[in-house]
> 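Okay, handing you the structure first.
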Number of protein chains: 2
Amino acid sequence: MGVLTMTDSVKYLLPEDRIPRAWYNMAADLPKPLPAVLHPGTGQPIGPADLAAIFPMPLILQEVASERDIEIPQPVRDVYKLWRPAPLYRALRLERALDTPARIFYKYEGVSPAGSHKPNTAVAQAFYNRESGIAKLSTETGAGQWGSSLAFAGALFGLEVKVYMVKVSYQQKPYRRALMETYGATCIPSPSKETESGRAILAANPDSPGSLGIAISEAVEVAAKNADTNYALGSVLNHVLLHQTVIGLEAIEQMEMAGFWPDVVVACAGGGSNFAGIAFPFLGKKLRGGKDVRVVAVEPAACPTLTRGTYAYDFGDTAHLTPLVKMHTLGSQFVPPGFHAGGLRYHGMAPLVSHLKELGLIEARAVHQTPCFEAGVAFARAEGIVPAPESTHAVRAAVDEALAAKAEGRARTILFNLSGHGHFDMQAYTDYFAGKLEDRDYDEAALRDSLAALPKVAA
Amino acid sequence: MGVLTMTDSVKYLLPEDRIPRAWYNMAADLPKPLPAVLHPGTGQPIGPADLAAIFPMPLILQEVASERDIEIPQPVRDVYKLWRPAPLYRALRLERALDTPARIFYKYEGVSPAGSHKPNTAVAQAFYNRESGIAKLSTETGAGQWGSSLAFAGALFGLEVKVYMVKVSYQQKPYRRALMETYGATCIPSPSKETESGRAILAANPDSPGSLGIAISEAVEVAAKNADTNYALGSVLNHVLLHQTVIGLEAIEQMEMAGFWPDVVVACAGGGSNFAGIAFPFLGKKLRGGKDVRVVAVEPAACPTLTRGTYAYDFGDTAHLTPLVKMHTLGSQFVPPGFHAGGLRYHGMAPLVSHLKELGLIEARAVHQTPCFEAGVAFARAEGIVPAPESTHAVRAAVDEALAAKAEGRARTILFNLSGHGHFDMQAYTDYFAGKLEDRDYDEAALRDSLAALPKVAA
């Protein structure tokens, strides 16, 4: 009857007044500064004014900030109260199921109203845009996590939100669309006829299923052309990663409550925001002379940006409307094969995450989706929470760390970020149980072509 | 910029050690005892032994218990820790949107892994069955909230769970089925060929879409015929309502934290369990000489058990395998017209809730679905959480109470139970936005026929 007794605490909750008062800025602790962002026309470093057409000045200043702590405005903390501080759990039941000496902890971000970590930055971005007199936001979404999070934030701050949703997701995920519309946002399948970028794609391929790169082009174009409209991005940029650090800042306090410090911190990485959110505060402590900690980013084998991409200047979008950033990239024309973690399909990786990888401060590994869902199902049956397909990548790596500890016969403490629940993605689980998942690799030749087409930048 | 400042607290959290240590038994405070449960063959009151074929003895004893406080076993509290204590919120943003002097509070049960209040009893039932040496549980589900909750609880306690799911829901809600299967349960469309009850229905109508009453018959039959299998019910019975009282017990502490006492407590009512869960602890305090409080049960106009049903002895299922209980009923053959709140389609109402209605201790009102979704969307845009279609009935009534306060120009304090989130039911919102919802009334002639067929019981 082992499963029936478990008097140890499994959940570490912080009171509402422990919502962080400042975000943690990783840039303050970098041993080497981040490469400049370049203007796509001139190849010269851009300044704040170059971004002012699509972002409000407070976010532009955060993008280039160097101070360690950046105050969280009270209205943002007030909205965070709806679900933050998020719980941190010890996965005691999973440990028992794996029969491992490892201690497994997870931070759970699925408690937000949109079901993932994305509202941490959506709320901040909506606030600063509203403060700056902006009435409308445009954005893109793939799986729909980001679009529904910005729709939620827009509703609370009275902003109109227009979401360009990758067409294939728009068709496959009507529930995500319904969620955005319930929050009052408008959702448009991309490529659309509403933008030049979209019309150009449709002219070349009327049946284009869309891609995140195309949807970004459409959303950026709308923001650039309309004075009352700004653009909001759900990952990649420094300010987005900054806002996500509330995850790790809370987790540090919660690990102290639990009386353990992680030997390894694990998160999945698409654009890098949930990974940065949990990892940066721990990494910063280490760089300032604190305890050692390994940090592992887990990406899909079908879109292996950190493990197989090139570290180079590239565009963030398909139509090349964005500035050039130095990052791990598969090339802006790269199209990964089909897999279920729609939030991990981006061709690039956050510059900050890429930079840390180049400095040898983080590890990366790529995994196929079937073993991820296998771990996700084991997690659900032990811990009760069904992970989002993206989050199963973190679960897989955490389970592998726990199994390695078992093989070595040594305890270790593992912390991973359970970035969202899978309630909107149950079709993926259905396909997994039906044996319909394919573990496809990317096309090597297409990757070579995509990398060969990277923009030429005089470094 | 009014929406941007809100420094008041909006969330009332209890620490983990404030998970209740005992459930509250409403039977202890009834001014008049509950009518007996009758054997369908003899018409005589049944004893505990009559139920032993399908329920474990600890639950049977809870069904007839008269003591006020019934201890919650530690292993049940340990699982509750995964999401309890559940938060209680003040809906400040909704109050502002309605421009009402009323204070609106809501208890949010959607934080459970299955997304509703149902795990409160599923976990307890799984525990007692496991303790009693049972290996398998059978049950029915309509919308899927209950089936997925029992699947979750079964996974944690190592029980096999078989769920008979109303066929039309099985076809319309593949994600709910996927959730049950992810937890390791088996899900069977009902009516099925696996049971005599199912085969009889299919013989008469091969295209039967199923009903909750039919699915109950199938699940009860399987439990009755197999010694290693028990039956689990998600609502109606005394022990189920008992387990749900953790909702109200926590809410009492949280309202004390907030410094307000509700003038009115509101919940939707299908079988009555989430309603009882929040209302009984407040009602019990009032009956023991505490502060006055109005208690309102909200039901769908298409299935108006409390407002249009008869208070009479009736069967719980279609095939008449269950004992006879005295309750508000539309008759066990009643089939409501289509509407989206699948959890509110049952023909009867919990005997305890029905008894309190007869005693004049609670109010009931029936509402159509369109105004419910209208209130649900307003709630989502103000508070960020998308309510389950069932829960929108409570939101509607709470909003109406707040609007009445505004019309009267007098403050009042409203507490409602937000019993679950709507992430699995977004099709309903899509239909609402598309103008496809119909506010159908039940068929008066069919109701007359159904009531005329009630079993004849010598009172």
Side-chain angles (χ1 to χ4, degrees), chain A residues 1 3-11 13 15-16 73-75 78-79 81-83 87 89 93 111-115 119 127 130-131 152-153 155-158 174-179 181-184 376-377 380-386 421-430 432-433, chain B residues 1 3-11 13 15-16 73-75 78-79 81-83 87 89 93 111-115 119 127 130-131 152-153 155-158 174-179 181-184 376-377 380-386 421-430 432-433:
Chain A
M1 301 292 265
V3 294
L4 298 188
T5 56
M6 187 163 300
T7 49
D8 300 325
S9 196
V10 295
K11 186 171 60 173
L13 279 180
E16 192 170 278
Q74 189 58 39
D78 287 338
V79 177
K81 285 180 196 168
L82 289 175
W83 73 96
Y89 289 93
R93 291 177 177 82
V111 292
S112 82
F127 166 75
R130 166 78 189 251
E131 279 266 297
F152 154 73
L156 291 194
F157 287 107
Y175 285 13
R176 272 285 174 199
R177 189 179 2 138
L179 182 59
E181 289 168 357
T182 299
Y183 287 134
V377 169
R381 291 181 184 177
E383 296 293 315
I385 300 169
V386 178
H421 65 62
H423 292 179
F424 284 99
D425 302 285
M426 295 310 297
Q427 185 60 46
Y429 282 89
T430 299
Y432 168 72
F433 287 120
Chain B
M1 301 292 264
V3 294
L4 298 188
T5 55
M6 188 163 302
T7 50
D8 299 325
S9 197
V10 295
K11 187 170 61 172
L13 280 180
E16 191 171 277
Q74 189 57 40
D78 287 338
V79 177
K81 284 179 195 168
L82 289 174
W83 73 96
Y89 290 92
R93 291 178 177 81
V111 292
S112 83
F127 166 76
R130 166 77 189 252
E131 278 266 298
F152 153 72
L156 292 193
F157 287 107
Y175 285 14
R176 271 283 174 199
R177 187 177 6 136
L179 182 58
E181 289 170 356
T182 299
Y183 287 134
V377 168
R381 292 180 185 177
E383 296 292 314
I385 301 170
V386 178
H421 65 61
H423 292 180
F424 285 99
D425 303 286
M426 294 311 297
Q427 185 60 46
Y429 283 88
T430 299
Y432 168 72
F433 287 119

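In what follows, chains carry the letters A, B, and so on, assigned in the order in which the sequence lines appear, proteins first and then strands, with residues in each chain numbered from 1. Note that these values count all heavy atoms, side chains included, but never hydrogens, waters or copies made by symmetry.
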> Side-chain contact test, heavy atoms from C-beta onward, threshold under 4.5 Å: evaluate it for A:V386 versus B:L179 and give yes or no.
yes
> What are the two closest heavy atoms between B:G384 and A:P113, and how far apart are they?
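Minimum heavy-atom separation between B:G384 and A:P113: O-CB, 2.9 Å.
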> Side chains of B:R93 and A:L156: does their closest heavy-atom pair fall under 4.5 Å?
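SC-SC contact between B:R93 and A:L156 confirmed.
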> So which heavy atom on A:E181 is nearest to which on B:R381, and how close?
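That closest heavy-atom pairing would be O-NH2, 2.9 Å.
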> Looking at residues at least two apart in the chain, or sitting in another chain, which of them share a side chain to side chain contact (heavy atoms under 4.5 Å, CB included) with A:S112?
A:W83, A:A114, A:P119
> Judged by atom type as modelled, is there a donor-acceptor pair below 3.5 Å linking the side chain of A:Y183 to the main-chain atoms of B:A380?
no
> Tell me, for A:F424 versus chain B, whether the close heavy atoms (under 4.5 Å) come from the side chain, the backbone, both or neither.
both
> Which pair of non-hydrogen atoms, one from B:A178 and one from A:T430, has the smallest distance, and what is that distance?
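Looks like CB-OG1, 3.1 Å.
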> State yes or no: are the ring centers of B:Y175 and A:H423 separated by less than 6.0 Å?
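Not under 6.0 Å, so no.
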> Among the options A:F433, A:F152, A:Y429, A:Y432, pick out the one with the most heavy-atom pairs lying under 4.5 Å from chain B.
A:F433
> Identify the heavy atoms of A:T182 and B:V377 that sit nearest to each other, and give their distance.
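Reported closest heavy-atom pair: O-CG1, 3.9 Å.
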